[in-house]
Amino acid sequence: MSEDDSNTEEYPSEIHDYLTAFEKSLDSVDEMLKTMMSVSRSELLQKLDPLEQAKLDLVSVYTLNSMFWVYLATQGINPKEHPVKQELERIRTYMNKVKEITDKKKASKLDKGAASRFVKNALWEPNAESEHTSKTPAKGKKRQ
């Protein structure tokens with residue numbers, strides 16, 4: 001009997017695809033962790049600006065707590081009743097704050113000089129009308 005045959009007898013065949021996807025996800029996480037662990041934290045942080053450092057820290061701590069959530073679930077403990085739930089919510093709050101800061105940085109900036117020139121040129125000046133006579137009559141005035 002092969003290894004695959006013994007594994008399929010241990011759990012229902014309906015969840016085989018889910019377990020395969022889960023195993024692939026774990027392999028992906030393992031590869032990312034190996035990549036992150038290959039560079040010292042201080043070297044990594046030197047290459048990043050403070051906002052990127054905050055993002056890295058938040059993603060790291062969120063990932064760690066999420067993995068602990070999964071661990072609790074595999075041990076038969078309800079993670080929704082564990083303090084890890086409040087910790088994940090706290091981290092999400094900080095992630096939202098960092099997202100707001102990032103969005104503000106991406107928002108278009110007002111060029112005050114250009115805006116004032118635009119408004120100044122758009123306003124009607126009574127002296128300018130007497131200097132420049134128009135060939136077309138102004139709106140609302142009757143021709144004589």
Side-chain angles (χ1 to χ4, degrees), residues 3-4 6-8 10-144:
E3 186 178 331
D4 287 339
S6 65
N7 285 341
T8 55
E10 293 177 20
Y11 58 86
S13 61
E14 299 87 36
I15 64 170
H16 178 74
D17 293 337
Y18 293 114
L19 291 175
T20 303
F22 181 67
E23 184 178 24
K24 288 179 183 177
S25 296
L26 284 177
D27 290 341
S28 175
V29 169
D30 188 41
E31 287 299 316
M32 283 188 259
L33 283 173
K34 285 178 184 176
T35 303
M36 284 187 68
M37 300 301 277
S38 68
V39 179
S40 73
R41 181 167 167 74
S42 60
E43 287 177 36
L44 185 60
L45 291 178
Q46 286 176 353
K47 297 176 183 177
L48 301 174
D49 66 0
L51 189 60
E52 295 298 319
Q53 290 175 8
K55 287 180 182 179
L56 176 67
D57 288 340
L58 286 169
V59 167
S60 299
V61 73
Y62 190 83
T63 302
L64 182 64
N65 280 286
S66 296
M67 293 182 80
F68 186 66
W69 175 287
V70 172
Y71 170 76
L72 289 174
T74 62
Q75 299 302 308
I77 299 170
N78 186 358
K80 292 179 182 177
E81 296 172 358
H82 194 275
V84 73
K85 181 178 184 209
Q86 287 80 25
E87 183 66 12
L88 286 168
E89 289 172 0
R90 186 179 73 87
I91 296 165
R92 274 192 216 113
T93 302
Y94 286 111
M95 288 176 135
N96 287 336
K97 287 181 181 182
V98 167
K99 185 178 184 307
E100 287 174 15
I101 292 169
T102 304
D103 290 346
K104 283 182 183 178
K105 279 188 170 185
K106 290 180 182 177
S108 61
K109 304 289 184 203
L110 176 65
D111 184 355
K112 291 180 183 179
S116 65
R117 288 189 302 273
F118 178 76
V119 170
K120 183 180 176 185
N121 290 328
L123 293 176
W124 175 75
E125 294 181 25
N127 295 339
E129 186 177 304
S130 62
E131 293 174 9
H132 303 290
T133 57
S134 176
K135 292 183 181 179
T136 59
K139 280 187 178 180
K141 291 187 178 180
K142 292 183 181 179
R143 286 188 180 180
Q144 293 182 355

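If you read the sequence from its start, that first residue is 1, and numbering goes on from there. Only this structure's heavy atoms are used, side chains among them; waters, hydrogens and symmetry mates stay out. A quick note: this is a predicted structure, and the numbers were derived from the prediction, not measured.
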Donor-acceptor under 3.5 Å (Ser28 side chain, Lys24 main chain)
no
Report all side-chain donor-acceptor pairs from residues 44-54 shorter than 3.5 Å, counting only partners two or more places apart or in another chain.
residue : atom : partner : partner atom : Å
Asp49   : OD1  : Glu52   : N            : 2.8
Gln53   : NE2  : Leu45   : O            : 2.7
Gln53   : NE2  : Leu48   : O            : 3.1

So CD of Glu100 and CG of Asp103: to nearest 0.5 Å the spacing works out to 8.0 Å
Let me confirm one number: the CE-OG1 distance from Met95 to Thr102, rounded to the nearest 0.5 Å.
11.5 Å
Can you run down the ring-ring contact (aromatic ring centres under 6.0 Å, His included) pairs that involve residues 64-87, sequence neighbours left out, and say none if there aren't any?
Phe68-His82
The complete set of ring-ring contact (aromatic ring centres under 6.0 Å, His included) pairs with one or both residues in residues 93-113, sequence neighbours excluded, reads none
Any side-chain heavy-atom pair from Asp57 and Arg41 closer than 4.5 angstrom?
yes
Apply side-chain contact (heavy atoms from CB on, under 4.5 Å) to residues Glu87 and Ile91 and explain how you reach the verdict.
CA-CA 6 Å; Glu87 183 66 12; Ile91 296 165; 4.0 Å; yes
Identify the heavy atoms of Pro79 and Val84 that sit nearest to each other, and give their distance.
O-CG1, 3.9 Å
When you measure from the side chain of Asn65 to the backbone of Val61, do you find a donor-acceptor pair of N or O atoms at a distance under 3.5 Å?
yes
Salt bridge or not between Arg92 and Glu89? Use side-chain N to carboxylate O under 4.0 Å.
no
State whether the number of non-hydrogen atoms from other residues, nucleotides or ligands found under 6.0 Å of Gln86 atom CD is greater than 12.
yes
Test side-chain contact (heavy atoms from CB on, under 4.5 Å) on Met32 and Thr63; report intermediate values, then the result.
CA-CA 11 Å; Met32 283 188 259; Thr63 302; over 6 Å; no
Minimum heavy-atom distance between Lys85 and Lys80, given as atom pair plus value
CD-O, 3.4 Å
Pairwise distance OG1(Thr35) to CG(Asp30) - rounded to 0.5 angstrom
9.5 Å
